[in-house]
Amino acid sequence: MAALSCVVRSGRNAVSRVLRREFHQTAPAAAQVTVRDALNQAMDEEMERDERVFLLGEEVAQYDGAYKVSRGLWKKYGDQRVIDTPITEMGFTGIAVGAAMGGLRPICEFMTFNFSMQAIDQVINSAAKTYYMSAGLQSVPIVFRGPNGASAGVAAQHSQCFAAWYAHCPGLKVLSPWNTEDARGLLKAAIRDDNPVVFLENELMYGVPFELSEEAQSKDFTIPIGKAKIERAGSHVTLVSHSRYVGHCLDAAAVLSKEGVECEVVNLRSIRPLDVDCIESSVMKTNHLVTVEGGWPQFGVGAEICARIMEGPAFNFLDAPVTRVTGVDIPMPYAKILEDNSLPQIKDIIFSVKKTLNI
């Protein structure tokens, strides 16, 4: 009996070792994290990592932020590092730029980027141009962040996309995240960067959860600025987009896949610098290009991509003209049905792909 008991124990131990080995070989589970929480975590970790980092803006402290992106930071870091400001973008942006010149690393939140026009002199003339004008002696490490583009039912003065505006200006880096990984990795990279960075979020994406890998949950995780990501591989047409409309492109690609059309979806992530190499490589593979954005068509992000393709080696690979899907060239209407028809919809992307492919 003793010998039998020993055999049984030995067998159990062997099974246990096999199970443990197989368990450790499985891929770690991804966490479900909203874009809002990803941004919050990124700021929290960078404030903890570097005492020079601080946040200022309207309602960012005691109210936990208008969109709750800064939730809990004031209680953790106090009045000196999470600062409620008056409703004066010109004033608090100037303070933030001056703080950056003085050696701090401010995060300046606009309640909406539509109001950043109040501070356009500080963002462009003071932040963007100073490093060049000082012959490289004075850097301005600052992040301007907040919701950009159309939300829902907020009409013309709250619905503009500023990706093309700020990407037009030398001296700025302009980032436009789509999902949780983008938001977390790009914001951490922006805070650590020694240049002024415009960080364009999307209000409608704040509450959307995405899977976040174990790697992306690391405090050291960053996404290199200036690198796009292929979210879906395809062979028939390239869809290039940023922010919320990357999701629209993926949804359109799923519909088109059922009809035998395979779309390659490129998530720009960075508007300036623009990852032209990634776009060109994709176009050389698919021979077709459709750009998708929520901003206006004239002088937009899609227009710049069209010009780059026209001037570069990928032009000779195109089998059809580049097609742009954009917002309508009007101020945003208030009525929902008009708003819906003023912004790109999944059906618009599908229509443009079929037009480009002549099917």
Do NZ/NE/NH1/NH2 and the carboxylate oxygens of R269 and E181 come within less than 4.0 Å? yes

Students often mix this up, so state it plainly: with edges at 30° and 60°, are the rings of F144 and F110 parallel, tilted or perpendicular? parallel

Which label fits F115 and H158: parallel for a plane angle under 30°, tilted from 30 to 60°, or perpendicular past 60°? perpendicular

Consider only side-chain N and O atoms of Y131 and Q138, and report whether a donor and an acceptor are under 3.5 Å apart. no

Around atom CG of L338, are there more than 12 heavy atoms from other residues, nucleotides or ligands closer than 6.0 Å? yes

Salt bridge check, E46 against R105: does any charged N sit closer than 4.0 Å to a carboxylate O? no

Exceeds 12 heavy-atom contacts within 6.0 angstrom, atom CD of Q345: yes

Smallest heavy-atom separation, N114 atom then S159 atom, equals OD1-N, 3.3 Å

The single option from V276, V283, T291 that satisfies side-chain contact (heavy atoms from CB on, under 4.5 Å) with I305 is T291

How long is the gap from OG1 on T323 to CG on D348, to the nearest 0.5 Å? 12.5 Å

Note: E264-K285 ion pair, threshold 4.0 Å (strictly below): yes

Test S151 against E203 for side chain to side chain donor-acceptor pair (under 3.5 Å), laying out the working first. CA-CA 6 Å; S151 178; E203 183 183 339; 3.2 Å; yes

Applying side chain to side chain donor-acceptor pair (under 3.5 Å) to N202 and N148, what does each step give before you reach the verdict? CA-CA 5 Å; N202 187 286; N148 170 70; over 6 Å; no

Is E48 salt-bridged to K219, going by a charged N under 4.0 Å from an acidic O? yes

Just by distance, do the side chain of D64 and the backbone of G72 share a donor-acceptor pair under 3.5 Å? yes

Using a strict 4.0 Å threshold on nitrogen-to-oxygen distance, state whether K227 and D275 make a salt bridge. no

Identify the heavy atoms of L55 and S70 that sit nearest to each other, and give their distance. CD2-CB, 3.6 Å

Using a strict 4.0 Å threshold on nitrogen-to-oxygen distance, state whether E45 and R184 make a salt bridge. yes

If you measure only the distance, is there a donor-acceptor pair under 3.5 Å linking the side chains of D84 and W74? no

Nearest heavy atoms of D194 and S139, plus distance in Å: O-CB, 3.6 Å

Parallel, tilted or perpendicular: which one describes the rings of F210 and W178, with boundaries at 30° and 60°? perpendicular

Test item: side-chain donor near acceptor, S241 and E293, under 3.5 Å: no

